[in-house]
Every structure is written in structure tokens, then in C-alpha cells.
Amino acid sequence: MDTRYDNPLIKQRLEKAEGMREEGLNPYPNDFRPAHTAAKIRKDMEGLTSEEIEAKGKRYSVAGRIISMRVMGKNTFLKLRDRSGDIQLFVQRDVIGRELYGKFKKYDMGDFLGAKGTAFITKTGELSVKAKSIYMLSKSLRPLPEKFHGLTDKETRYRQRYVDLAINPDVQSTFITRTKVVAFIRKYFQSKDFLEVETPMLQTIPGGATAKPFETFHNALSVKMYLRIAPELYLKRLLVGGMERVFEINRNFRNEGLSNQHNPEFTMLEFYQAYATYEDMMAHTEALFSKMAKELTGGYRISYQGEEIDFTPKFNRLTMQEAVERYSRGELSVEDTEDEAKLLAFANKLGIADAAKMSWGKLLAEVFETVAEPHLIQPTFITQYPVDVSPLSRRNEKDPRFTDRFEFYIAGREIANGFSELNDPVDQLERFKAQSAECDKGDEEAHWIDEDYVRALEYGMPPAGGEGIGIDRTVMIFTDAPSIRDVIFFPHMRPERTEG
RNA sequence: GGGCCGUUAGCUCAAUGGUAGAGCAAGUGACUCUUAAUCACUAGGUUCGGGGUUCGAGCCCCUGACGGCUCACCA
């Protein structure tokens with residue numbers, strides 16, 4: 001049963017639309033072509049006096065959504081919003097005619113309107129368009145939220161993002177910044193001779209990360225498939241094939257919990273460069289973030305949730321062990337972290353669950369995450385990751401307990417993860433097998449054995465560095481967004497109506 | 001998944017267990033330079049759903065749905 005028109009506010013508007021049809025007018029025409037935007041008019045008239053503007057007499061045509069309307073007898077002021085911003089429209093009965101003005105007064109906030117006219121400045125100093133003619137372009141049936149408080153209910157903002165975008169001005173600018181971030185990244189890697197590629201989202205062996213995948217099924221092939229948790233293993237197959245510099249910006253899917261920093265599908269940049277190491281990856285990261293800060297904000301310092309983040313190179317750099325020492329305030333020194341008993345005692349003190357079952361490397365990583373991670377506010381590289389938490393990274397030549405891997409932190413969050421790639425097929429197979437054993441022990445996220453990937457490595461993969469950068473989290477930093485939901489147009493939620 | 005908080009008119013919010021209100025939006029009228037325009041009048045509600053306690057429930061209890069924050073897991 002359709003109850004939508006029970007709402008008197010919607011019914012009224014519907015009746016207005018029907019009234020137009022009865023008069024032979026289409027409430028949804030598509031024959032008006034605006035030649036100008038609000039911003040264009042502003043730019044044209046910038047710095048001119050009222051007299052100069054009127055003397056120009058240039059005719060404009062604009063279109064947009066009515067976001068406010070003040071009828072004052074024979075005059076009406078309304079604000080029109082287009083993609084570039086807002087422009088005030090001044091409509092007078094004696095200009096557009098008594099009959100049209102009478103109909104026009106019944107237009108509603110939210111309607112799309114086209115107008116033609118000349119620019120002028122009102123007595124109170126606002127640049128406006130004096131309408132010579134107006135056109136209803138699309139009748140809005142649902143009332144928009146209130147003009148002063150706007151729409152603040154987060155659930156409605158996320159579920160009905162179109163309303164959020166239409167009336168909360170900062171929302172569009174957040175997503176415009178998102179687009180700029182992605183565009184900047186493309187430009188950066190293209191300038192470094194990287195090729196943008198696309199690899200499978202549907203995979204039979206979900207690899208390249210440790211995470212629970214979404215499952216699906218391909219009917220024609222009659223095979224179980226998974227939405228990818230990372231593109232990594234495919235991109236490295238491209239290295240095997242001789243594509244020495246590749247990057248991909250695309251969605252990953254992980255069947256895990258949601259939070260302020262986790263959406264089930266999220267966007268990841270991954271890039272791989274032959275004849276490079278994790279040091280080169282850190283250099284790219286530093287260049288990318290510092291240049292991006294400059295391009296987006298004009299400077300190296302930005303504000304995130306009340307903290308100043310400084311992207312002036314060089315970024316901080318600590319080994320994992322050094323970070324533990326520093327942020328445990330010396331309670332667990334670098335030397336202590338070498339002592340498994342001391343490390344375990346400290347982990348227990350921190351309340352890390354199942355610490356006794358963990359290997360030394362896993363324990364170190366857990367302790368690091370608990371004690372140091374939240375303090376890594378400024379852009380910081382953490383290096384020297386233990387081999388047992390790094391199944392795809394190249395071993396450090398001086399200390400085989402570690403890999404040549406780093407993670408990049410901003411505002412206490414992991415933003416990127418990069419390493420010198422493991423290209424020894426024998427070592428890789430052993431690590432897959434070790435992960436497989438973890439899997440048998442019940443670790444649902446342990447890496448699967450990907451035989452074809454090992455076969456690819458057996459043909460020979462050039463030494464390489466690779467990295468993944470979380471795009472959503474990066475955008476959060478540059479838009480001062482507290483939640484990942486604020487930088488994803490349509491964040492996932494439970495369905496709003498539960499029928500059946 | 002755990003804990004805490006929330007859900008009342010289109011929106012933003014009120015309401016000791018005692019007739020559910022306001023502002024904006026809407027309708028009617030006034031108004032030829034407004035900026036959250038102003039003024040007058042009018043209309044607008046299954047208080048998230050279900051059950052219970054009570055003479056009486058928006059409020060108390062139980063239960064379900066959805067969301068926010070947070071912890072756990074992860075990027």
C-alpha cells in the first residue's frame with residue numbers, strides 16, 4: 001500500500017504539479033539550458049561597483065535548486081544553488097507579469113528553477129540576478145529540511161545522502177576534496193612512469209591480505225568466488241610479466257566489523273615498482289603526502305580533529321622496537337623486546353588477550369599496536385616488522401627475524417603499508433604453508449596458499465617495492481572528517497525497512 | 001559481538017506518571033531591497049514496533065527494529 005501521499009506536505013506539492021499540468025505546463029520540462037553558473041557571475045562582477053555592474057547589462061541564464069525564498073509582496077528574493085554555489089535571484093511582479101508572478105509565489109523550496117536576467121547589487125550589498133523570465137524545471141514533492149539547522153540526524157544524512165548533499169554545503173566540498181585526492185595520486189604516479197591497471201575483483205583465492213572475504217558464486221563456471229580483499233597478488237603477477245611500474249585505485253571488500261575507520265568496501269591505492277625497495281616506497285609516500293597537502297591546502301600543516309598535522313618532509317621514522325621503547329616511556333626498552341619473557345610479561349600487563357599463545361614477532365606487533373599506535377599523530381613511518389606478521393614481505397638481510405616493511409601512520413591510524421616484495425618462490429611457498437597451518441589452527445584470516453602465485457614467482461619476479469595506501473582514511477585526514485562514513489557517499493548500513 | 005546513549009510534526013528540539021508543545025517549513029492574508037525577513041491567522045502527531053505495570057504511560061518495566069558513540073576485530 002502506498003501511503004506516501006498521506007503526508008499533506010507532499011500532497012500539496014503534488015497538487016501544485018498537477019495544477020501545472022492542467023494549465024498545460026510541464027512540471028518536469030527539459031528544455032532550459034543555463035549558460036552560466038553562480039560562480040561565473042560572481043567572477044564576472046568581482047570588484048565592480050553597483051553602477052559598473054548595471055552598466056554592463058550582461059544577460060545571464062542560470063539554473064538551480066531553490067534553497068530559500070522570501071516573498072515580500074510584489075518582490076521576491078530567493079536563493080538558487082547550482083554546482084558552483086549560490087546566487088540570489090530577485091523576482092518582481094511588474095517585470096515578469098502579474099499572472100506568472102502569482103504562480104511563481106507558490107513555488108516551493110527544493111524546486112529546480114531556471115532564470116534569465118541581468119546582474120545587480122541589492123541595497124544590502126548582495127550580488128543578485130534580476131529575473132526577466134523564470135522557468136520551473138523540476139517540481140520537488142518532498143519538503144527539504146529546515147534552512148537554519150539543516151539536516152543533522154546522522155542516520156538520515158547517510159541513508160539519504162542526496163538530501164545531505166543538497167543542503168549541507170560542507171558535504172559537497174568533502175567529496176570534491178576526495179576527487180582531488182584521487183586525481184592528484186593519479187597525476188603523481190603517471191608522472192613517475194607508472195601505468196594504471198585493473199585486476200580482478202572476483203577471485204577464487206582471496207589473497208594479498210589477512211581478512212575475511214565476502215563469498216559469492218559464479219553460476220556458469222559453477223565455482224565459488226570471493227570479492228577481493230586486496231589486488232596485491234595480481235599486481236605482482238604483472239611485475240612477473242614485465243610491467244615494471246603499475247598502480248591500481250579500486251575497491252577492496254572485507255567481511256568484518258564496521259567502525260569509524262572501517263567500511264566493508266573501501267578504496268585502496270596499491271603500487272608496485274621493480275628494482276625498488278621499501279625505502280623507495282617511503283620516499284614516494286613522503287613526496288605524495290607532502291605535495292598533496294601543499295596542493296590541497298597551500299601549506300604543509302593541516303588541522304585534523306583539533307590536532308595540527310605537519311606534512312613538512314622529512315617524516316618521522318622509528319623501528320617498531322624503538323616505538324615500543326619510546327611510547328612505553330622506557331618501560332620496555334629495545335633490548336627488553338628481544339627478551340621473550342619480558343615481552344610476554346609486558347603484554348600481559350597491557351591485557352593483550354592470548355598473549356601466551358603468540359610467537360615473539362606477533363607479540364611484538366601486538367604490544368606495538370597497543371602502546372605506540374595511538375600516539376603516532378604526526379606522519380610517521382614504522383619500520384622493521386616481524387616476519388611472522390608479514391607473509392608477503394622480503395626478509396631483512398641482516399636480521400632474518402624482520403622484514404623490510406613499514407607502515408605509515410597519521411593521527412594514530414594506519415594509513416599505508418609497504419615493503420620490499422618477497423620474490424623468492426621457495427620462501428614464499430614456505431610462508432604460505434606456515435599461514436595455512438595457522439588456518440588449520442582456526443585462524444580464519446590466515447593467508448591461503450595461492451599455487452598459481454607461487455608458480456608466477458618461479459618464473460621470476462624482478463626485485464620490487466610495493467605499497468598500499470588507504471584512500472578513504474587519507475581523505476578523512478584532508479577533510480577533517482571524524483568518520484569514514486563522512487568520506488563515502490553511501491556508507492553501508494542495515495536496510496531501513498525490515499519487511500518479511 | 002559487548003557496553004552506554006538515542007528514536008516525539010517534513011526538519012531542529014521541548015514536555016515531575018496527569019489534555020503532547022515551540023521555532024523553522026506548510027496553508028491563507030498583509031508587505032516593492034530581503035539575508036534564519038517581518039506581522040496576523042490556520043492546519044499539522046499510531047511519541048520507532050510489540051507486550052506489560054498503572055485509574056492514567058512520550059516518560060516506568062520487558063522485548064524487538066534502526067542508529068550514534070565506544071570496546072573488541074581489522075586497513
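Chain A is the first sequence line, chain B the second, and so forth, proteins listed ahead of strands; every chain is numbered from 1.
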* A:T37 and A:R83: side chain donor to acceptor below 3.5 Å -> no
* To do: Between B:rC31 and B:rC41, how far apart are the C1' atoms? Round to whole Å, please.
  => 16 Å
* Structure fact -> The residue among A:R251, A:E270, A:M201, A:K236 that forms side chain to side chain contact (heavy atoms under 4.5 Å, CB included) with A:P231 is A:E270
* **Integer angstrom distance from the P of B:rG3 to that of B:rU46** => 33 Å
* Less than 4.0 Å between a side-chain N and a carboxylate O, is that true for A:E52 and A:K56? -> no
* Asked: Stacking check: are the rings of A:F77 and B:rA37 less than 5.5 Å apart at their centres and under 30 degrees in tilt?
  -> no
* Can A:N75 and A:R93 be counted as having a side-chain donor-acceptor contact under 3.5 angstrom? -> no
* Asked: B:rU12 and B:rU16: how far apart are their C1' atoms, nearest whole angstrom?
  -> 25 Å
* Rounded to the nearest 0.5 Å, how far does CE of A:M476 lie from CD of A:Q305? -> 7.5 Å
* To do: Provide the distance between the two C1' atoms, one in B:rU47 and one in B:rU8, to the nearest whole Å.
  => 4 Å
* To do: Check every strand shown and say whether A:R254 touches a base, only sugar-phosphate, or nothing at a heavy-atom separation below 4.0 Å.
  => base
* Mind checking the CG-NZ spacing from A:D82 to A:K40? Nearest 0.5 Å is all I need. => 13.0 Å
* **Nearest-nucleotide 5' precedence on RNA chain B, A:Q92 against A:R159** => A:Q92
* Structure fact -> Under the rule of Watson-Crick or G-U wobble with both distances under 3.5 Å, where | means paired to another strand and [ ] a crossing pair, RNA chain B maps to (((((((..((((....[..)))).(((((.......))))).....(((((..]....))))))))))))....
* Asked: Is the shortest side-chain N/O distance from A:K147 to OP1 or OP2 of B:rC11 below 4.0 Å?
  -> no
* Distance-only donor-acceptor test, A:Q88 side-chain atoms vs B:rU34 base atoms, 3.5 Å -> yes
Scan nucleotides 69-71 of chain B against the protein and return all N/O pairs shorter than 3.5 Å with their distances rounded to 0.1 Å.
residue, atom, partner, partner atom, Å
B:rC69, OP1, A:N260, OD1, 3.3
B:rC69, OP2, A:R485, NH1, 3.2
B:rU70, OP2, A:N260, ND2, 2.7

* Euclidean distance for C1', B:rC60 against B:rG56 (whole angstrom) -> 13 Å
* Please determine, by modelled atom types, if A:R405 and A:N417 share a side-chain donor-acceptor pair under 3.5 angstrom. => yes
* Assess whether ring-ring contact (aromatic ring centres under 6.0 Å, His included) is satisfied between A:Y226 and A:F214, documenting all intermediate values. => CA-CA 6 Å; A:Y226 302 87; A:F214 285 91; over 10 Å; no
* According to the interplanar angle, ranging from 0 to 90°, do the rings of A:F189 and A:H284 count as parallel (below 30°), tilted (30 to 60°) or perpendicular (above 60°)? -> tilted
* Asked: Phosphate oxygens OP1/OP2 of B:rG10: is one of them under 4.0 Å from a side-chain N or O of A:K11?
  -> no
* To do: Considering just the side-chain nitrogens and oxygens of A:R473, establish if one lies under 4.0 Å of OP1 or OP2 belonging to B:rA75.
  => no
* NZ/NE/NH1/NH2 to OD/OE distance under 4.0 Å, A:D86 and A:R65 -> no
* Asked: How would you label the contact of A:L151 with the nucleic acid (heavy atoms, under 4.0 Å): base, sugar-phosphate, or nothing?
  -> sugar-phosphate
* Under 4.0 Å between a side-chain N or O of A:T210 and OP1 or OP2 of B:rA75? -> yes
* To do: Looking at every strand, decide which applies to A:E126 at a 4.0 Å heavy-atom threshold: base, sugar-phosphate, or nothing.
  => base
* Asked: Hey, are A:D164 and A:Y158 close enough side-chain-wise for a donor-acceptor pair under 3.5 Å?
  -> no
* Asked: What distance, rounded to whole Å, do you find between the two P atoms, one in B:rG45 and one in B:rG51?
  -> 22 Å
* Counting just side-chain N and O atoms, does A:T122 come under 4.0 Å of either OP1 or OP2 of B:rU34? -> no
* Assign A:N255 to base, sugar-phosphate, or nothing according to its heavy-atom contacts below 4.0 angstrom with the strands shown. => nothing
* **A:D153 CG to B:rC13 P, straight-line distance once rounded to whole Å** => 8 Å
* Asked: Distance between the C1' atoms of B:rU19 and B:rA15, in whole angstroms?
  -> 13 Å
* Sugar-phosphate, base or nothing in reach of A:N417, heavy atoms under 4.0 Å -> nothing
* N/O (side chain, A:R93) to phosphate O (OP1/OP2, B:rU32) under 4.0 Å -> no
* Could you work out the separation of B:rG6 and B:rG58 based on their C1' atoms and round it to a whole Å? => 14 Å
